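Order of the sequence lines sets the chain letters (A, B, ...), proteins ahead of strands, with each chain counted from 1. Quick caveat, the model's predicted, so the values are computed rather than measured.
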2 protein chains.
Amino acid sequence: MRRYTRLDAAQRRAAVVEAALSCIARGGIQDFTVDKVCAEAGISRGLIGHHFGSMSALLAAAYGHMYDQVALTAVSASADQSRLGRVLALLFSPDLFNRDALNIWLTLWGQASVTPELRDEHRRQYAEYRRNMTEAIAEAATANGRHVDAAALALTLICLIDGLGVQHCVEPATMSGDLALQNCRDLLLPYVGPF
Amino acid sequence: MRRYTRLDAAQRRAAVVEAALSCIARGGIQDFTVDKVCAEAGISRGLIGHHFGSMSALLAAAYGHMYDQVALTAVSASADQSRLGRVLALLFSPDLFNRDALNIWLTLWGQASVTPELRDEHRRQYAEYRRNMTEAIAEAATANGRHVDAAALALTLICLIDGLGVQHCVEPATMSGDLALQNCRDLLLPYVGPF
DNA sequence: GTCCTTGTTGAACAACCGTATAGTTTGCCC
DNA sequence: GGGCAAACTATACGGTTGTTCAACAAGGAC
């Protein structure tokens with residue numbers, strides 16, 4: 001009888017990352033431990049070291065996976081509205097705007113503000129995030145014949161999005177995805193007009 | 001020779017809380033350990049158990065201390081502007097809007113979203129926070145003869161404030177206190193008018 | 001000066017942490 | 001069906017975790 005099934009290295013890595021994120025969603029960074037992640041993934045303790053080398057490397061991989069997931073969902077978004085409208089609808093869809101996912105983000109931010117490697121990666125990712133958002137805002141504004149400081153507005157918008165996420169994470173009843181989306185639209189409307 | 005100096009229980013508790021917050025500011029929840037807090041406070045390991053019973057109780061006390069600190073600073077704020085203007089100027093003053101303090105908040109939010117006791121306390125405190133902000137907004141709006149949904153606007157504003165704090169925490173160069181304050185004023189201006 | 005409350009120490013404890021490593025099993029290749 | 005790379009298990013290890021507890025000492029009361 002088979003005692004275990006081998007997986008391709010890439011597949012196993014993905015499975016372990018998934019398990020790590022589940023643990024973080026459930027109990028924050030306190031539940032990001034060798035024992036708990038391995039139990040969640042159904043593997044033995046040694047495998048994390050074999051595939052990732054260390055727990056901090058696994059955390060970095062998990063961080064990257066979160067961004068990949070957003071980018072992946074972005075591709076499949078419907079195209080029947082403006083780019084800005086699409087991005088916002090995506091960010092507040094149940095797939096991304098839910099307690100588990102936002103709890104993971106909150107935990108990762110806390111780690112990023114303390115761990116140099118994670119912080120650098122965060123800044124790289126956020127720079128691209130800001131660039132994309134700036135473009136989307138500029139598009140919407142020019143489509144309405146308006147002139148705005150798109151970069152500044154994008155930064156503000158991103159901060160609001162993050163804050164709405166924190167609120168949903170700690171007190172979901174007060175901040176649904178729909179309400180959060182509406183808040184963002186209200187912020188943008190006076191500047192870029194309808195989109 | 002004296003081997004140590006006794007402190008009043010209240011004073012010692014305050015000193016330990018202060019040390020705990022220093023540790024959290026430096027290294028997040030990972031540095032919130034018995035050894036590190038005691039070293040920071042210059043006391044022996046047994047004293048935390050004696051004064052707080054457990055580390056989670058110490059964390060709850062530290063959480064409360066953070067709110068007390070904001071309330072205390074609020075009392076000493078100058079009165080030469082509207083209440084809303086005062087509150088915002090206070091929240092983005094260097095005393096409250098700095099990396100150490102915001103790193104503590106970020107860490108505490110992450111814990112609150114995972115620990116039931118902390119989460120309940122957070123909700124209580126935020127309910128009052130929201131109430132105060134709603135009143136301040138309503139005052140400013142009526143002073144300008146405008147009518148707004150003050151409660152909804154207060155919730156949005158608070159989320160923006162939190163998001164700006166996260167941004168400053170992880171990437172201080174992109175979000176100064178002055179810029180954060182301006183962002184909040186820009187959010188409010190279209191609704192409540194000048195304040 | 002002696003007592004007594006209580007703030008404080010320091011060590012002991014079991015449980016858990018992340019990492020390293022030696023040995024086993026799997027499944028593909030030839 | 002034998003060989004082989006590598007995915008995987010299982011255990012051991014030193015260090016750190018939070019908590020407990022008996023003994024000590026400081027400083028006011030009297």
Side-chain angles (χ1 to χ4, degrees), chain A residues 1-24 26-63 107 110-111 114-118, chain B residues 1-24 26-63 107 110-111 114-118:
Chain A
M1 76 185 198
R2 287 198 242 77
R3 308 230 285 194
Y4 60 87
T5 52
R6 285 164 72 105
L7 249 56
D8 182 53
Q11 292 177 27
R12 180 63 74 192
R13 283 176 59 95
V16 174
V17 163
E18 211 65 60
L21 291 173
S22 292
C23 289
I24 293 175
R26 188 189 315 121
I29 201 65
Q30 324 250 27
D31 276 17
F32 178 70
T33 69
V34 176
D35 282 324
K36 285 174 178 167
V37 171
C38 288
E40 178 77 23
I43 59 175
S44 76
R45 291 171 43 78
L47 210 49
I48 286 182
H50 181 255
H51 282 295
F52 295 92
S54 69
M55 283 298 280
S56 58
L58 170 56
L59 192 63
Y63 193 64
T107 300
Q111 291 300 301
V114 157
T115 311
E117 323 157 10
L118 272 187
Chain B
M1 74 186 199
R2 286 198 241 77
R3 310 229 285 195
Y4 57 88
T5 50
R6 287 164 73 107
L7 249 57
D8 182 53
Q11 291 177 28
R12 180 63 74 192
R13 283 176 60 96
V16 174
V17 164
E18 211 65 60
L21 291 174
S22 292
C23 289
I24 293 175
R26 187 188 315 120
I29 199 65
Q30 324 250 26
D31 277 17
F32 178 71
T33 69
V34 176
D35 282 325
K36 286 173 178 165
V37 171
C38 288
E40 178 78 23
I43 58 175
S44 74
R45 291 170 44 77
L47 210 50
I48 286 182
H50 180 257
H51 281 295
F52 295 92
S54 69
M55 284 297 282
S56 58
L58 169 57
L59 191 64
Y63 193 64
T107 300
Q111 292 299 302
V114 158
T115 311
E117 322 157 12
L118 271 188

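Comparing dT25(C), dT17(D), dA25(D) by their closest approach to the side chain of R3(B) singles out dA25(D). Here the side chain of R12(B) is nearest to one of dG18(D), dT19(C), dT8(C), namely dT8(C). Taking only side-chain atoms of T5(B), from C-beta outward, the nucleotide of dT8(C), dT19(D), dG27(D) with the closest atom is dG27(D). When the nucleotides dT19(C), dA25(D), dG10(C) are ranked by their closest atom to the side chain of S44(B), dG10(C) comes out on top. Of all nucleotides listed (dC8(D), dC17(C), dT19(D)), dC17(C) comes nearest to the side chain of D35(A). Comparing dG18(D), dG7(C), dC8(D) against the side chain of L47(A) picks out dC8(D) as the nearest. Of all nucleotides listed (dG18(D), dA26(D), dG7(C)), dA26(D) comes nearest to the side chain of R2(B).
Here I48(B) lies out of heavy-atom contact (under 4.0 Å) with every strand. G46(A) comes within 4.0 angstrom of a base, heavy atoms only. Residue contacts for F52(B): at a heavy-atom cut-off of 4.0 Å it reaches no nucleic acid atom on any strand shown.
At least one side-chain heavy atom of L58(A) sits less than 4.5 Å from a side-chain heavy atom of I48(A). You'll find the side chain of I24(B) reaches within 4.5 Å of the side chain of L59(B), heavy atoms only.
If you take CZ of R13(B) and C1' of dT6(C), they are 15 Å apart, rounded to a whole angstrom. Atom CD of Q30(B) and atom C1' of dG18(C) are 12 Å apart (whole Å). Note: CG (L7(B)) to C1' (dG27(D)) measures 13 Å, nearest angstrom. For K36(B) and dC17(C), the NZ to P distance is 16 Å, given to the nearest whole Å. The distance from atom NE2 of H51(B) to atom P of dT6(C) is 12 Å, rounded to the nearest whole Å. Taking atom CG of L59(B) as the reference point, atom P of dG18(D) lies 11 Å away to the nearest angstrom. The CG atom of D8(B) sits 18 Å away from the P atom of dA26(D) (whole-angstrom rounding). One atom, CZ of R6(A), and another, P of dG27(C), lie 7 Å apart when rounded to the nearest Å.
Residues A61(B) and F52(B) approach most closely at CB-CE2, 3.9 Å, considering heavy atoms. In this structure, E40(B) and R26(B) approach most closely via the heavy-atom pair OE1-NH2, 2.7 Å.
Of the two residues near DNA chain C, I43(B) and S54(A), the one whose nearest nucleotide lies more 5' is I43(B).
Scanning atom types as modelled, one donor and one acceptor separated by under 3.5 angstrom connect the side chain of R45(B) and the base of dT19(D). In terms of polar N and O atoms assigned as donor or acceptor, the side chain of Y4(A) comes within less than 3.5 Å of the base of dT25(C) in a complementary pairing.
Annotation: the span from H50(A) atom NE2 to I43(A) atom CD1 amounts to 11.5 Å, rounded to 0.5 Å.
For the OP1/OP2 pair of dT21(C) and a distance below 4.0 Å, the side-chain nitrogens and oxygens of H50(A) include no atom meeting the criterion.
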Residues R12(B), R6(B); criterion side chain to side chain contact (heavy atoms under 4.5 Å, CB included); working and verdict: CA-CA 9 Å; R12(B) 180 63 74 192; R6(B) 287 164 73 107; over 6 Å; no

